[in-house]
Amino acid sequence: MVKRRKIAVFSSSIYEPMVRTMLNGVIKAAEETGDKVICFTSFSDSYSSKTYDKFHLYDEGDVVAIELPDLDDFDGIIKVDQSMNGHAHRCLMKRLQSTGLPVINVGSKEDGLINILNDEVASFSDIVDHVIKVHGCKDIYHLAGIKGKYFTGERLEAYKQTLIRNGIEFDPEKVYYGTLWRSCGEAALDYFLEQSNKRGRRYPEAIICANDYSAMGLVAACKARGIRVPGDIIVTGYDGVVEAYQGLPSITTSEQPFYESGYQSVYALHRMWDGEKIKDNIRIHGKLMCMQSCGCKELSTDSIEDIRKLFQVRLDGASYLSQSMINLSLGVSGADTIEDCFREISENAAVDTGFEDMLLCLPHEWNKKRTIDEHFHETDEEMTVVAGFINREPVEKQTFRKKDLLPKSLMDSDKPYFIYPIHHLQYYMGYMIVSPEDKTYNKLTMLAWIVNLGCMLDNWRVRQELSSAVRHMESLYNRDMLTNLYNRHGFELFFNELCSEGIEKKTPVALLLFDMDDLKHINDYYGHAEGDYSLCAIAESMNFAAKNGEICVRSGGDEFTMIAKGYTEEMANEFISNMREHLTRINKRDGKPFAVDFSAGYCIMVPEAEMGSITEISEKYLKAADEKMYAEKKKHKSRRNRG
């Protein structure tokens, strides 16, 4: 039987349309070749940390997607990258450079790797040729990309050479460098209008933008000033993102071969596995899409209605996902146990998230604020599936090894799976194994859902730590430090509860009083350490005799108290007898030069409200028990004196 090959795909921003399209191409080709695809997904990007200072901590934690897999278990690697942040990119490149596996890079240009790229020169030239030959434009400006990006230079050169080839002089002052985002539209338009006015024209004939988002920003700036597109200025974009077709006007663009690039990456790996040495980057020609912003398609009310419907679908998707996030927050916040917390995660992850399969996998110490390093992939530990579903059906809790990445049933499946890191800021918690539907989901809303899940798990951790601290403080307040029995504060707390219940239900409450014999003698002749030993021996015998929820108390000094509900005299005498028997065994076991003993008395009655306050009732109990205990102590002294 031929061993199925495994491909590790590293990707950022899988909910970006361009990235998702490339991944769809990878998945389709892997279906044809029978390869197993596992996609390790980073949600960090190259721009959020520049605006929001806390994002760099999130970026540090998000590298678990890169450091998790042992690459020796794979046969090949595909890097799908459009906007991976610098920290994640450096970590990934360090790993790729240390492996001997074949690596294909898609979506960007990476020196030292085989890149599958859009043929920038040919594809961008198609757009410039179109506005010249079809629309007769000669006064053509260029909204370029970010300086230093490889594609910025290639697209600028294509613009320049196409002008020259068509007999139009290239003027560097007709070029403005933007940000590749909508926000550069206003400043770019200001620059182009100023340059056009210098040349005696009101507007440029056409503006060729380096990408669709710049074009959309430029069109919006034109609309705000009453400049018609394409009536006054033709505007074109580049990339073929979904949003380019959903505006009014829709943007004339060149569809980058995102799907084909992802598809060909798998077959490029197969060529390398077969021994072929691929020396040059693989370039694929994009497809010119003539839309409304150049005038090839008419602006119509039908177009507006189509856009409205598409926008409503996207808005509904974001709204439903936001509602899922709210439900998740409320459900987890109200969970009483960690099992309830995981159940809420399972139930909410199954609604409006687009997850066909979802497994939340946590290590044993997920709540210990762990950070990971570059050796994380070398370590192994047990992972537990604590929540999730397969094909919408809930799954039972199961374990597997981190080295295996997936439970065996998922690894044997033909499905590709995505691994989403779960962390709070830089602290690693575990990961989700997901099979997402091929639908359009708002990237930031989905990121918020993932981040929110990490925050809620961390909030649960904090709640548990606070509860533990409160319990510890209560223990310090209510417990005797020497014997670990309850102290006087504990006695008051529990006697109040038992007495109130006894008054309400008319049931008896018992109070047993114990006084250690000869503590002063032991302290004086054998030392206070032996006195402490003797007190602890009494406490041990009390705990031994307590079988029915009795509350054992060191009242102070050499005095001890036991309180219980529903007690009879027979039960009280049995408790005292069991204490003495165990204490006799302690004396024999430890062979001290003295015997530890005690005197006891008790009071059992049904408390009544007419007896006064709880404090007054407790004093009546103590007085009655003390009288019996004192009588027994006199007998003990008498026996010792005779002896």
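The shown structure was predicted, so the numbers you read here are calculated from the model rather than taken from an experiment. We use all heavy atoms of the structure for the numbers below, so side chains are in, but hydrogens, waters and symmetry mates are not.
- A donor and an acceptor atom, one from each side chain of Asp62 and Ser42, are located under 3.5 Å apart.
- The closest side-chain donor-acceptor pair between Ser555 and Thr561 falls under 3.5 angstrom.
- Using modelled atom types, one finds no donor on one side chain facing an acceptor on the other under 3.5 Å when comparing Asn548 with Tyr567.
- Under the 3.5 Å distance criterion, with hydrogens and angles disregarded, a donor-acceptor pair is assigned to the side chains of Asp340 and Thr337.
- Side chains of Tyr486 and Arg554: no donor on one and acceptor on the other come within 3.5 Å.
- At least one test fails for Lys403 against the ring of Phe400: distance under 6.0 Å to the centre or angle within 45° of the axis.
- The line from CZ of Arg589 to NE2 of His582 is 6.0 Å long, rounded to the nearest 0.5 Å.
- Judged purely by distance below 3.5 Å, without hydrogens or angles, the side chains of Asp412 and Ser409 never pair a donor atom with an acceptor atom.
- Glu381 and His364 share no donor-acceptor pair across their side chains, judged by distance under 3.5 Å alone.
- Counted by atom type alone, Tyr525 and Glu530 present zero donor-acceptor pairs between their side chains at under 3.5 Å.
- Residues meeting the ring-ring contact (aromatic ring centres under 6.0 Å, His included) test with Tyr477, sequence neighbours left out: His489.
- Using a 4.5 Å heavy-atom cutoff, the side chains of Glu67 and Val64 are not in contact.
- Proximity of the aromatic rings of Trp366 and Tyr431 is defined here by a centroid distance below 6.0 angstrom, and this criterion is not met.
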